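Before any comments, here is the structure.
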Amino acid sequence: MPEGHKVHRISRAFAADFVGKKIAARSPQGRFAAGAAVLDGRKMTDSRAVGKQMFLGFTGGHWLRVHLGIYGMWDFAGRIREQVEVDPRAGTRTLRTVHPEAARAGSGTFPPEPVGQVRLRLATAVAVADLRGPNTCELLTADEMDAVIHKLGPDPLSPLGSPEEAEQEFVRRVRGRNVAIGQLLMDQGVVSGIGNIYRAEMLFRAGLEPHLPGRSLSAETAAALWRDWVGLLQVGVDTGLMLTMDGLGPEESALALASRADRHWVYGRAGLPCRVCGTEIALETMAGRKLYWCPSCQR
DNA sequence: CGGTCATGCGGAG
DNA sequence: TCCGCCTGACCGG
């Protein structure tokens, strides 16, 4: 499942091709039939992403909250605006449709038959979005949505206040806790959108020992973590990929992108030599997820 | 082609 | 702490 960058991209896809349009809603799988009936025929009025959560607004004050969990997904088909995509083999950035297959001439009828367990299908006259395997798919009032959002830590791309206030909020939430920084980065109440890959990579990039309590970090160290997240998230939204290794040329990038194991500093590299110092990358469970880190570079 | 794991997280127990 | 979600990537045979 996507970390925060992907959710922002999905939200943008809805903003581009669904917001402002009358929406046909149904639940082919049946598990969201009641909710789909409420939304059916309404106009989509807004699309927001906060961390890993997305909120779609509809006339009448209805908000659809979707959290994809570990393997949920949205599939788009039909006339969908292009987004930047990175070609792993060529190492190039190009514009592509969200769903290239749909652009093929004569590639079947529109709308396409649902594939798999489609919890919810949202459709305009020319575009379709299918939701499969979500962790959460529910209708909320505006007040209920606000309550959800206010429980979340800051998201650089949907700050409740100024960017400076978002940074200060992150610093405050980290330094106020006697909990390992490796746990705090995964806590969506501390900062929104960071998942297991970004956690491991950010800690390595900062040279931070994952077990350090949040309150042991200096304000500057915590602020630097935030600024790194701001940059990583922006790159992720721009490219659609989690590019966590800086300073690679086109050829190196192409190689790095070719396989996930070669794409990151430490994530997924347990037992392999650290790219910087050669020390064996360590693996342990933290916050219920696998944490990869270099015992030499991170202390 | 079958088994395992995972870019989460909420709820049951 | 375990389960549901019920997909897709990856790996060994």
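Worth saying up front: this structure is predicted, and the values here are computed from it rather than measured. Residue numbers start from 1 in every chain, and the chains themselves are labelled A, B, ... in the order their sequence lines are given, proteins ahead of strands.
Distance CG/A:D155 to NE2/A:H8: 3.5 Å, rounded to 0.5 Å. From A:R42, atom CZ reaches atom NZ of A:K22 across 11.5 Å, with rounding to the nearest 0.5 Å.
Closest contact between the side chain of A:M73 and the listed nucleotides C:dC6, C:dG8, B:dT7 involves C:dG8. Checking B:dG10, C:dC6, B:dA6 against every side-chain atom of A:K290, the shortest atom distance belongs to B:dA6. Taking every side-chain heavy atom of A:H67 into account, B:dG8 is the closest of C:dC6, B:dG8, B:dG10. Set against B:dG10, B:dG8, B:dA6, the side chain of A:R65 has B:dG10 as its closest nucleotide.
Comparing B:dG11 with C:dT7, their P atoms are spaced 23 Å from each other, to the whole Å. Only the P atoms considered, B:dC5 is 14 Å distant from C:dC3, to the nearest whole Å. Comparing the same atom, P, in B:dG13 and in C:dC5 gives a spacing of 14 Å after rounding to whole Å. Of the C1' atoms belonging to B:dG10 and C:dG8, the separation is 23 Å, rounded to the nearest Å. If you take atom P in B:dC1 and the same atom in C:dC6, they sit 24 Å apart, rounded to whole Å.
Under 4.0 angstrom from either OP1 or OP2 of C:dC6 there lies at least one side-chain N or O belonging to A:R119. Checking the phosphate oxygens (OP1, OP2) of B:dG8, no side-chain nitrogen or oxygen of A:Y71 falls inside 4.0 Å. Look at A:R132 and you'll find a side-chain N or O under 4.0 angstrom from OP1 or OP2 of C:dG8. Neither OP1 nor OP2 of C:dC5 sits under 4.0 Å from any side-chain N or O of A:Q29. The side chain of A:K52 contributes an N or O atom lying less than 4.0 Å from OP1 or OP2 of B:dC9.
Salt bridge annotation for A:E138-A:R65: present, with a cationic side-chain nitrogen under 4.0 angstrom from a carboxylate oxygen. Using a cutoff of 4.0 Å between basic side-chain nitrogens and carboxylate oxygens, A:E167 and A:R227 are scored as salt-bridged. Look at A:D75 and A:R132 and you find a salt bridge, because one of the NZ, NE, NH1 or NH2 atoms lies within 4.0 Å of a carboxylate O, short of that distance.
Rounding to whole angstrom units, CZ of residue A:R289 and C1' of C:dT1 are separated by 16 Å. We find that CD1 of A:I70 is positioned 13 Å from P of B:dG10, with the value rounded to whole Å. The CG-P distance, from A:N196 to B:dC9, rounds to 10 Å in whole Å. As rounded to whole Å, 15 Å separates atom C1' of B:dT7 from atom CD of A:Q53. Atom CG in A:L291 sits about 16 Å away from atom C1' in B:dA6, given to the nearest Å. If you measure from atom CD of A:Q117 to atom P of C:dC5, you get 10 Å, rounded to the nearest angstrom. We find that CD of A:Q183 is positioned 16 Å from P of B:dG8, with the value rounded to whole Å. The interatomic distance linking A:L68 (CG) with C:dC5 (P) rounds to 16 Å, in whole Å.
A:D46 pairs in a side-chain contact (heavy atoms from CB on, under 4.5 Å) with only one of the listed residues (A:F58, A:W63, A:F14, A:F55), which is A:W63.
As judged by a 4.0 angstrom heavy-atom cut-off over every strand, A:R199 is placed among residues making no nucleic acid contact.
Where A:G116 and A:N135 each meet DNA chain C at their nearest nucleotide, the meeting point lying more 5' is that of A:N135.
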